[in-house]
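Computed from heavy atoms alone, side chains included, the values below leave out hydrogens, waters and symmetry copies. Numbers here simply count residues along the sequence, with the first being 1.
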Amino acid sequence: SQFTTCVHLCAGCSAKRGPVARPVYTTTIYSYTRRSQYGKLVKLSAMASQTETQPQEIFGDINGKEQEMLTNLAAAGGAKKAEILKKIQEYAAERVEAWKHQKVYVGIVGDPGAGKSTFINSIRGLKPKAPGAAEVGLGHTPSVVTEYPHPARPESLVFVDFPGVLLKKGTGEEPDFNIQQYLDEFGEKMDQCHVFLVFSSGRIQHNAVQIGMKARDMGKKVLFVRSQFDKDLADKKNDDPDYFDDHTEADLREELRQDYIQVLKVVGWEGEVNPKDVFIISGRLTNVLVGSWDIPKFRKAMMEGLGALQKMVVINTCRDFSKDTIKERGDIYRSYVWKVAMVASAGTIVPYAGAASIPGAVGIAYNQYKEGFGLTEDAVEQLAKMTNKSPEDLKQFLSSNLLAGARGSVGENEALAVVQALCDEMGITLTTAIAVDQVVNLAFPVIGALVTAPVSFPITYTLLYALISRMENCASDLFDYAFRESVV
């Protein structure tokens, strides 16, 4: 036998969604009897008087297949347990990167001048004259489907502009709209889309409503967007300035929302329209990036129509400087923490505080989090340009927050410095590598059983939660700082 150190999360610090920002760790000495690769832990003695703790609870996005794998691990013993754990670690390694192989299609239809093209450009981070931008101000609806890939990940995220009319072949004439003929021509492409957006700038075409209903019948999440609220607001202030003596912009948006719903019914929408599916926005680039008016709610609703991996595609691709969506982005990352921790727990050692590197899976997650929260260097430069702030000033502000508590010179390994700072902050004083044959029991509430995993798993799990929390706080503080006294 040999002596090993097992790290526990105190029972009082366990939250429903995972560990809190500042968990407290205690160290207990165990005797280790090697009966298999992962052995059996038998408590020998404690270095100090301590209260018995409950196994750490693990939460996240766990599908049916994953539940079955974890259930099998909980029931297995001896060498079989080690075999199943290895398979789960290999599976997790594939799933952590699986979002990169997903493809998300967002269908868009609407009447001419509804702001579709402006929105398609803005959600992809493009100005109207940029290479690859949709042409704005055509004055008519094209007669063919046009795909607009996101330049950051053209193979993963595509916005699909559907025509709102059918033209006679070889002419510019518009015959009576025939939905069956439309489906014969575009139905296959509609079925490929995961979410469908019906755009309007006030009036709503009967054609667009019929197309939207067919998308709904295909099982698509259909959202209604009244664009150009910036113009609506300016017109209201010019035409009826007294309105704002006892009304707010939010009141005006709600009036337009209810009007939109009524018009939808008049032009033929069958069934109820949930007001939560109607959004009043401006599709201009700055408004989309900073989350003006209903943009944050719109982003959240669009994500609800996607699967877990597809959500990862969107938040890792579409830039977002809105404080109102920070928590939602964090929740998506948190749902994958258990997989990242499982990957990081594979191998011979898992070095942390006091060591020269961090697990590759943690480094990859770190970079993803920075991208998703808008904290990369190019994102900060874009934010500085939007807010007329010094790029170096914003970078310095972010760095001081992100690297708070870091030891000495950071050098090129920023991720390691942040992880070490978090270890110090939470009282994890691991000065040597942790051997993978040290194990701990974990509670997965979704399967109602205890699962044995390497002791490095709960440490990594807790660190990743703390890392996401730090990123969330950094993003919130950075956006506040950037937009302070700025005219947007």
Side-chain angles (χ1 to χ4, degrees), residues 9 13-23 25 55-63 66-67 70 88-89 91-100 102 296 299-300 302-304 306-318 320 322-345 352 358-359 361-375 402 415 418-419 421-423 425-426 428 442-447 451 453 456-477:
L9 180 67
C13 295
S14 180
K16 184 177 181 182
R17 293 299 305 274
V20 295
R22 294 180 61 87
Y25 282 90
Q56 183 172 348
E57 291 186 322
I58 305 300
F59 296 91
D61 180 67
I62 305 176
N63 61 34
E66 292 159 358
Q67 291 180 35
L70 291 169
I88 292 176
Q89 290 170 330
Y91 168 85
E94 294 175 359
R95 298 299 289 176
V96 164
E97 295 292 305
W99 67 270
K100 293 183 178 180
Q102 292 286 304
R299 285 184 184 266
K300 296 173 190 177
M302 188 171 70
M303 298 282 271
E304 289 173 0
L306 302 176
L309 293 175
Q310 294 161 346
K311 290 177 181 178
M312 288 286 282
V313 171
V314 175
I315 66 169
N316 286 331
T317 305
C318 293
D320 182 2
S322 169
K323 283 187 62 175
D324 293 335
T325 58
I326 288 175
K327 182 181 181 301
E328 279 68 28
R329 284 176 270 172
D331 286 345
I332 292 171
Y333 287 130
R334 274 184 281 268
S335 72
Y336 273 80
V337 161
W338 79 271
K339 293 187 179 75
V340 179
M342 192 64 77
V343 177
S345 69
Y352 277 111
I358 57 175
V362 175
I364 291 171
Y366 181 87
N367 291 330
Q368 285 182 7
Y369 300 163
K370 284 195 70 175
E371 188 169 26
F373 287 117
L375 304 178
L402 190 58
V418 173
V419 167
L422 290 171
C423 285
E425 182 178 305
M426 294 186 294
I428 303 176
L442 304 168
F444 280 79
V446 71
I447 66 170
V451 172
S456 56
F457 177 95
I459 296 171
T460 306
Y461 181 88
T462 302
L463 279 172
L464 288 170
Y465 259 79
L467 178 58
I468 293 170
S469 293
R470 178 168 287 203
M471 293 276 191
E472 287 176 324
N473 292 332
C474 285
S476 179
D477 291 345

I'd like to check the side-chain contact (heavy atoms from CB on, under 4.5 Å) partners of Ile364; sequence neighbours left out, ordered by chain and number.
Glu97, Gln368
Aromatic ring pairing Tyr461/Tyr465, orientation class (parallel under 30°, perpendicular over 60°, tilted between):
tilted
Any donor-acceptor pair under 3.5 Å from Trp338 side chain to Asp61 backbone
yes
Could you tell me whether the side chain of Ser476 and the main chain of Asn473 form a donor-acceptor pair under 3.5 Å?
no
Donor-acceptor check, side chain of Lys339 to backbone of Gly60, threshold 3.5 angstrom: yes or no?
no
Which pairs with one or both residues in residues 456-470 pass salt bridge (charged side-chain N to carboxylate O under 4.0 Å, His left out), sequence neighbours excluded?
Glu425-Arg470
Is any side-chain heavy atom of Tyr369 closer than 4.5 Å to a side-chain heavy atom of Arg329?
no
Is there a side-chain contact between Tyr333 and Asn316, using heavy atoms and a 4.5 Å cut-off?
yes
Between Leu309 and Trp99, which heavy-atom pair has the shortest distance, and what is it?
O-CB, 3.5 Å
Rounded to the nearest 0.5 Å, what's the gap from SG on Cys318 to CE on Met303? Could you check?
8.5 Å
Salt bridge flag under 4.0 Å for residues Glu328 and Arg299
no
Closest heavy-atom pair and its distance - Ile62, Gln67:
O-NE2, 3.2 Å
